[in-house]
Each structure stands twice: as structure tokens, then as C-alpha cells.
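First comes the structure, then the notes that go with it.
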Amino acid sequence: VQLVESGGGLVQAGGSLTLSCVASGFTSDDYAIGWFRQAPGKEREGVSVISNMDATSYYADSVKGRFSISSDNAKATVYLQMSSLNTMDTAVYYCAFSWRTSNMELLLTRPDLFASWGQGTQVTVSS
């Protein structure tokens with residue numbers, strides 16, 4: 001499985017940005033894609049995850065109400081719409097692929113259950 005992220009960049013606080021993750025190299029419809037982020041000097045954090053089968057999703061508390069995850073199955077693409085961005089959202093954002101599609105809340109806390117990772121895209125929020 002290969003994943004390619006795009007859409008990162010520099011945005012002012014309060015602004016919005018949409019990240020995309022294109023997945024390829026598989027044929028099953030039963031999978032989940034998650035977004036993680038890692039800021040300098042901090043541990044990797046799960047941001048959001050979505051199941052491709054039924055679109056069940058889950059968000060970290062830090063982004064609930066501000067971020068929205070969605071998928072376009074025909075394009076094998078997952079989007080992360082980010083709004084009301086603040087400087088704490090500055091990080092490298094990674095999308096990751098998992099064959100697990102149950103319990104999205106647990107899955108987001110288990111990066112070891114994700115089999116493939118993208119190269120990451122930088123998001124920088126200026127004050």
C-alpha cells in the first residue's frame with residue numbers, strides 16, 4: 001500500500017487548510033485511514049481516523065469541532081479539513097493505512113496497527 005499526502009502549507013491562525021491522502025496498491029474496500037501529526041520535540045499524536053466501509057470516524061479531543069475527515073471511495077482519497085487553526089496545530093501530518101476497521105477510537109491510539117504510512121506534509125500555523 002502506498003500513501004501520498006498533499007495540501008500542507010503555511011496559514012495564519014484562524015485559517016483553514018485541507019489535506020489529502022491518496023491510497024493505492026490494494027483492492028479491498030475494508031480498511032481505515034488515519035491522520036497523525038508530530039510537532040518538533042513532541043510525540044506522534046493521532047488526529048482522526050475513518051473507516052472506508054461505513055465512514056465511521058473518530059477525532060482526538062484537541063481537534064473535535066475544528067477538523068473534519070471524509071473519504072472519496074472512488075478516488076481512494078481521504079481528506080482532512082482543518083479550520084480554526086492555531087499555532088498548536090503546527091506539525092508534520094501523516095496519513096496511515098490500517099486493515100483494522102473496528103473501534104475507531106481505539107485504532108487512533110494504536111499507530112502500530114497501521115501498516116503503511118505516507119511521507120508527511122508540513123502544516124505551519126503562524127500567529
Sequence neighbours excluded, every pair satisfying salt bridge (Lys or Arg N to Asp or Glu O under 4.0 Å) that has a member inside [range]:
| range | result |
| --- | --- |
| residues 2-29 | none |
| residues 79-88 | none |
| residues 81-92 | R37-D89, R66-D89 |
| residues 106-125 | R110-D112 |

Close side-chain approach of [X] to [Y], heavy-atom, < 4.5 Å:
| X | Y | answer |
| --- | --- | --- |
| K75 | V22 | no |
| T90 | M88 | no |
| T18 | L80 | no |
| F36 | F114 | yes |
| L3 | V1 | yes |
| S98 | I33 | no |
| Y93 | M82 | yes |
| F67 | V47 | yes |

(message) Between T124 and Q122, is there a side-chain donor-acceptor contact under 3.5 Å, judged purely by atom types and distance?
(response) yes
(message) When you compare the side chains of E45 and S62, does any donor N or O come within less than 3.5 Å of an acceptor on the partner?
(response) yes
(message) Which residues pass the ring-ring contact (aromatic ring centres under 6.0 Å, His included) test with Y58, not counting sequence neighbours?
(response)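 If we apply the ring-ring contact (aromatic ring centres under 6.0 Å, His included) test to Y58, skipping adjacent residues, there are no hits.
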(message) So which atom in S84 and which in S16 form the shortest heavy-atom distance, rounded to 0.1 Å?
(response) N-OG, 4.5 Å
(request) Please report the shortest heavy-atom distance between A76 and Y31, naming the atom on each side. (result) CA-OH, 4.4 Å
(message) Quick test of your reading: applying disulfide (SG to SG under 2.5 Å), list the pairs with at least one residue in residues 14-127, sequence neighbours left out, ordered by first then second residue.
(response)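 As it turns out, the disulfide (SG to SG under 2.5 Å) pairs with a partner in residues 14-127, which skip direct neighbours, are C21-C95.
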(request) Could you name each residue pair satisfying disulfide (SG to SG under 2.5 Å) that touches residues 44-85, not counting sequence neighbours? (result) none
(request) Mind checking salt bridge (Lys or Arg N to Asp or Glu O under 4.0 Å) for R44 and listing every partner two or more places apart, or none if nothing turns up? (result)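 None.
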(message) Under the rule for salt bridge (Lys or Arg N to Asp or Glu O under 4.0 Å), what residues qualify as partners of K42, not counting sequence neighbours?
(response)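 Expected list: none.
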Hey, does the side chain of [X] reach the backbone of [Y] with a donor-acceptor pair shorter than 3.5 angstrom?
| X | Y | result |
| --- | --- | --- |
| Y59 | I69 | yes |
| T121 | G8 | yes |
| S116 | F97 | no |

(request) Could you state whether L113 and V49 fall into the same hydrophobic cluster, counting links through intermediate Ile, Leu, Val, Met, Phe, Trp or Tyr residues with side-chain heavy atoms under 4.5 angstrom apart? (result) yes
(request) Please answer: with hydrophobic residues joined when any side-chain heavy atoms are less than 4.5 Å apart, are L108 and Y94 in the same cluster? (result) yes
If the condition is side-chain contact (heavy atoms from CB on, under 4.5 Å), which residues does [X] pass it with, not counting sequence neighbours?
| X | result |
| --- | --- |
| A13 | V125 |
| S28 | D30, W99 |
| T56 | S51, D54, M104 |

(request) For side chain to side chain contact (heavy atoms under 4.5 Å, CB included), just list the numbers for L19 and Y79, CA-CA rounded to whole Å, side-chain angles, deciding distance to a tenth of an Å, and then say yes or no. (result) CA-CA 6 Å; L19 305 182; Y79 304 96; over 6 Å; no
(request) Output, in order, the C-alpha distance, side-chain angles, deciding distance and verdict of side chain to side chain contact (heavy atoms under 4.5 Å, CB included) for V78 and I50. (result) CA-CA 8 Å; V78 171; I50 187 167; 4.0 Å; yes
(request) Starting at OG of S6, measure out to CD of Q119 and round the result to the nearest 0.5 Å. (result)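 S6 atom OG to Q119 atom CD measures 8.5 Å (nearest 0.5 Å).
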